Amino acid sequence: MISLNYRDPRPMYEQIKDSFIKLILSGGIGAEERLPSVRELASQLAINPNTIQRAYRELEQEGYIYTVAGKGSFASQDKEAQNMKVKQLLEEFDALAQRLISYGVDIESLISRLRKGEEEQ
Amino acid sequence: MIELKNVTKTFDGFRALDGLSLTVPTGGIYGLVGPNGSGKSTAIRHITGIYRQDEGDVLIDGQNVYENTDIKRRVAYISDDVYAFLSASVKDMKDFYRGIYPQFDLKRFEAMKEAFPIDEKKAIRHLSKGMQKQAAFWLAMCCRPDYLILDEPVDGLDPVMRRRVWSIIMGDVADHGTTVLVSSHNLRELEDVCDHVGIINHGKVLIERSLSELQDNMVKAQVVFEGERPDLSSLNILHQSAVGRIETLIIKGSQEEITAKMSALRPLFFDLLPLTLEEIFIYELGGDEYELKDVVL
């Protein structure tokens, strides 16, 4: 379900967090679906349980998941919180696009780039 | 909690431990790293009650460890060279361990047969080095220890077995809050499993910190300045090197702080990279006359 890239310079908890965000936003993990327990994931990935705990804690703070004591963590239905991430990424995108335009890249070539990216997916 | 307070130990005039202090919090996974001959194994042999310190305290849960059977039966230890009695098989050692460790879990022993492809009737001494390590793990994990002390544990194990062993240990930590102290030179691997790290040299702990704190407090920056290099004295630079105009700096401090200070200097190019444990190890010891020297052969 989650796999780690050891060459990725990001800290491990961030990788785990991002993988879950991707899964939740794409519907790979449906609303109300249970996430693997900390123990399951710690033994499966052979990494420190605290790392997973930290990723889960942040996912919960950002509203992607919620925890029921004694039952585990579940993907939340709160689409609004989830849209926050999309909004944030869009803002980063805007800033990047602005910079590219200021470097003299014309808008048409940006659009064709996006089209190409879509086809490749 | 494991505590070593100002422990000294001298062998034949050689001071192996020189006022060593370290603390392993309960439920933590503590990585003990240091150059060869820095005193890692000696420290571990004090924690397991094999050596008696000359001075200082060696405590587990606030109690002295040396000759303390109540504490020692809660501690499992895998040494760097596995020891088994002459011609003893895994089965014989299991019976021996059961007599010593009251929490020994026979059910688990049977269940773990699948994980370790070892003939339990064969003498451990006749097994290969890696197989001996596996046998030691099998037995140690069945003791259901509260404290697991590992000296170069996965040395000699194949990649599949390493992962399997770590996976079993991580499961125990998550389930029972087992406290683990592990010494290793494989820093890449320690990075995955540890939450605390102690760097030791010359019988002393140089730094001891949680891994996230360690990694959040040091960054590698690559930077190119236009023209002359501005005054960087406001930054706490540990190490610097340059290839052409690109300078690589190891800086102490948080990412935000360094980003703010750097961008004020208007570099042409600026990139921050997190440090690996291996790099932290090298740079922390760098000032300690352990500098990486280019050895010409």
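These numbers were taken from a predicted model, which means no experiment stands behind them. Residue numbers start from 1 in every chain, and the chains themselves are labelled A, B, ... in the order their sequence lines are given, proteins ahead of strands.
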Q.
Please identify, among Ala174(B), Gly27(B), Gly28(B), the residue contributing the most non-hydrogen atom pairs under 4.5 Å to chain A.
A. Ala174(B)
Q: Quick one: which of Leu211(B), Asp175(B), Val173(B) has the most heavy-atom pairs under 4.5 Å with chain A, could you say?
A: Asp175(B)
Q.
Would you say CG of Leu273(B) has more than 12 non-hydrogen atoms from neighbouring residues, nucleotides or ligands within 6.0 angstrom?
A. yes
Q | Within 6.0 Å of CD in Glu92(A), more than 12 heavy atoms from elsewhere | A | yes
**Q.** Engaged part of Glu189(B) at the chain A interface, taking heavy atoms whose separation is under 4.5 Å
**A.** neither
Q: Kindly check if the number of other-residue, nucleotide or ligand heavy atoms within 6.0 Å of CD (Glu208(B)) is above 12?
A: yes
Q: For Gln240(B), enumerate each residue passing the side-chain hydrogen bond (donor to acceptor under 3.5 Å, both in side chains) test, keeping only those at least two apart in sequence or located in another chain.
A: Arg229(B)
Q. Of all of Cys194(B), Gly171(B), Ser212(B), which one pairs up most often with chain A through heavy atoms under 4.5 Å apart?
A. Gly171(B)
(Q) If you count heavy atoms of other groups shown closer than 6.0 angstrom to CD of Glu32(A), is the number above 12? (A) yes
Q: Flag yes if more than 12 heavy atoms outside Arg34(A) fall under 6.0 Å of its CZ atom; otherwise flag no.
A: yes
Q. If you check every heavy atom in residues 44-53 of chain A against those of chain B, which residues fall under 4.5 Å?
A. Gln44(A), Leu45(A), Ala46(A), Ile47(A), Asn48(A), Pro49(A), Asn50(A)
Q) Which one, Ile29(B), Val165(B), Asp192(B), leads in non-hydrogen pairs under 4.5 Å with chain A? A) Asp192(B)
**Q.** CD/Glu226(B): more than 12 non-hydrogen atoms of other groups inside 6.0 Å
**A.** no
Q: Provide the closest heavy-atom pair for Glu191(B) versus Met12(A) in the form atom of the first, atom of the second, distance.
A: O-CE, 4.0 Å
**Q.** Over 12 foreign heavy atoms within 6.0 Å of NZ, Lys261(B)
**A.** yes
Q.
Can you tell me if Ile107(A) has over 12 outside heavy atoms packed within less than 6.0 Å of its CD1?
A. no
Q.
How long is the straight-line distance from OG of Ser43(A) back to CZ of Arg164(B), given to the nearest 0.5 Å?
A. 13.5 Å
